[in-house]
Amino acid sequence: MSLPSLADRSSPAAWFGPGLIAAGLIAFIAQAAAPLTHMPAPLLAVALGLSLGAANLGSMLAPGLSLWSKPGLRLGVALMGAQITFAEMAALGAPALIAGGAIVLAGVAAGSGLGVLLGLPLAEAAIAACAVSICGASAALAAAQAAPSTPQIQRTTAFVVVGVNILSTVAMLLYPLLAHGLGFSAHQAGVFFGLSIHDVAQVAGAGQSVSQEAADAAALSKLARVLWLGPAVVLVGLFLARFAAAPVGERPALKAPPLFVWGFAALVLARGLHLLPQPLVEAMAAVSKILLLGGVAAISAQIGPKALLGVQPRLAAALVGTTALVGLAALLAAAFLVA
């Protein structure tokens, strides 16, 4: 006798519970295993989520997984705002803030254009460009919330999360060698890493491989890009709403920024005004990481490995091409704008 489906059960807890628990466990496992395996936590979350899909559990767990992949992801991105302080922004200085913003906006625009030229739909190209230009997996997930919610967008987002983590790891190994070959100072090398490498963990790893000074400069320079997450997602959302889906005569009206973007901005302001006690900030940071990892796992479980393997090579080409463009811009900024 087969078990009744989750949708047939009368208890809401039974309906949502298994998916919530499964993605939550994956998030905690990925977070704990990352230091032991020396692999990025988002990549582990993708792999474990895909294993659920391979076991044909994605549809059965769908109600709970959808809470992780939609409201959970939005809350996770919003909570990232509590990690930014005005003191850190001041320490960056105007040149770094401007360089970070220029690289983010130029990278999103050029990467989206490159993706479209390669044959990607605009929404998918924008998700890839945001991931490379801002902060890797977190930016991909945030941009996906501003795009239409479709199975293809979910597949693209999962592939982008995998792709940017692989590219970030390659950059973490290669960019310190490049910086040394170009004769960069430790400070210049850190700025180069922070303005070019996608994910925060690999930025820190590249900086530490050079020196503590390089690691500090890399962390601050990375912050100059993360600060632009909210504005960039707003711009992408407005652009997609205007041009991505409808014919010219049927374009929808421009929408207000998503609620999670307002939450991100509000927490940046609250942290800057010292309204958030440090224990609460640390708790928000921990919750944000778990929510983002759970969201990655949920998306991966719902699409399964076969769908992910079916993603076309042009998306990979867009990620690599945009990575090269952002890397070149960061290299020039470190060489000519940083003493």
Side-chain angles (χ1 to χ4, degrees), residues 1-33 41-80 123-124 127 137-138 140-162 233 237 245 255 258-264 283-284 286-311:
M1 181 182 297
S2 61
L3 293 174
S5 68
L6 291 176
D8 295 334
R9 301 178 186 178
S10 59
S11 169
W15 192 32
F16 290 103
L20 285 172
I21 293 171
L25 283 175
I26 288 177
F28 281 105
I29 291 171
Q31 181 74 7
L43 194 57
L44 291 173
V46 168
L48 292 171
L50 289 174
S51 69
L52 290 181
N56 295 319
L57 295 175
S59 59
M60 185 177 70
L61 301 174
L65 294 178
S66 67
L67 293 181
W68 281 99
S69 63
K70 293 177 182 177
L73 271 181
R74 295 184 179 102
L75 179 58
V77 173
L79 291 176
M80 289 175 63
E124 297 177 45
I127 291 170
S138 300
L141 297 171
Q145 301 305 305
S149 181
T150 66
Q152 181 59 34
I153 290 294
Q154 288 191 327
R155 286 193 291 271
T156 296
T157 304
F159 181 85
V160 167
V161 169
V162 173
V233 170
K255 299 179 181 178
L259 186 59
F260 73 89
V261 173
W262 288 112
F264 180 92
M284 286 181 171
V287 171
S288 177
K289 289 179 182 178
I290 293 300
L291 287 172
L292 293 175
L293 290 174
V296 169
I299 290 173
S300 302
Q302 288 175 300
I303 64 170
K306 291 183 179 179
L308 185 61
L309 292 174
V311 175

Could you pull out all donor-acceptor pairs under 3.5 Å where a side-chain atom in residues 21-32 meets a protein atom, sequence neighbours excluded?
none

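At least one side-chain heavy atom of Leu291 sits under 4.5 Å from a side-chain heavy atom of Trp68.
Here Leu79 contributes atom CG and Ile290 contributes atom CD1; the two are 12.0 Å apart, rounded to the nearest 0.5 Å. For the atom pair CG of Leu75 and CE of Met284, the computed distance is 9.0 Å after rounding to the nearest 0.5 Å.
Taking all atoms of both residues into account, the shortest heavy-atom contact from Ala147 to Ala123 is CB-CB, 4.2 Å. Of all heavy-atom pairs spanning Leu61 and Pro18, the tightest one is CD2-CB, 3.5 Å. Ser138 approaches Leu292 most closely through the heavy-atom pair OG-CD1, 3.5 Å. Of all the heavy atoms in Ala140 and Val160, the pair that sits closest is CB-CG1, 3.7 Å.
In this view, Ala143 and Ile127, Cys130 satisfy the side chain to side chain contact (heavy atoms under 4.5 Å, CB included) rule, not counting sequence neighbours.
Formation of a donor-acceptor pair under 3.5 Å by the Thr157 side chain with backbone atoms of Ile153 is found in this model.
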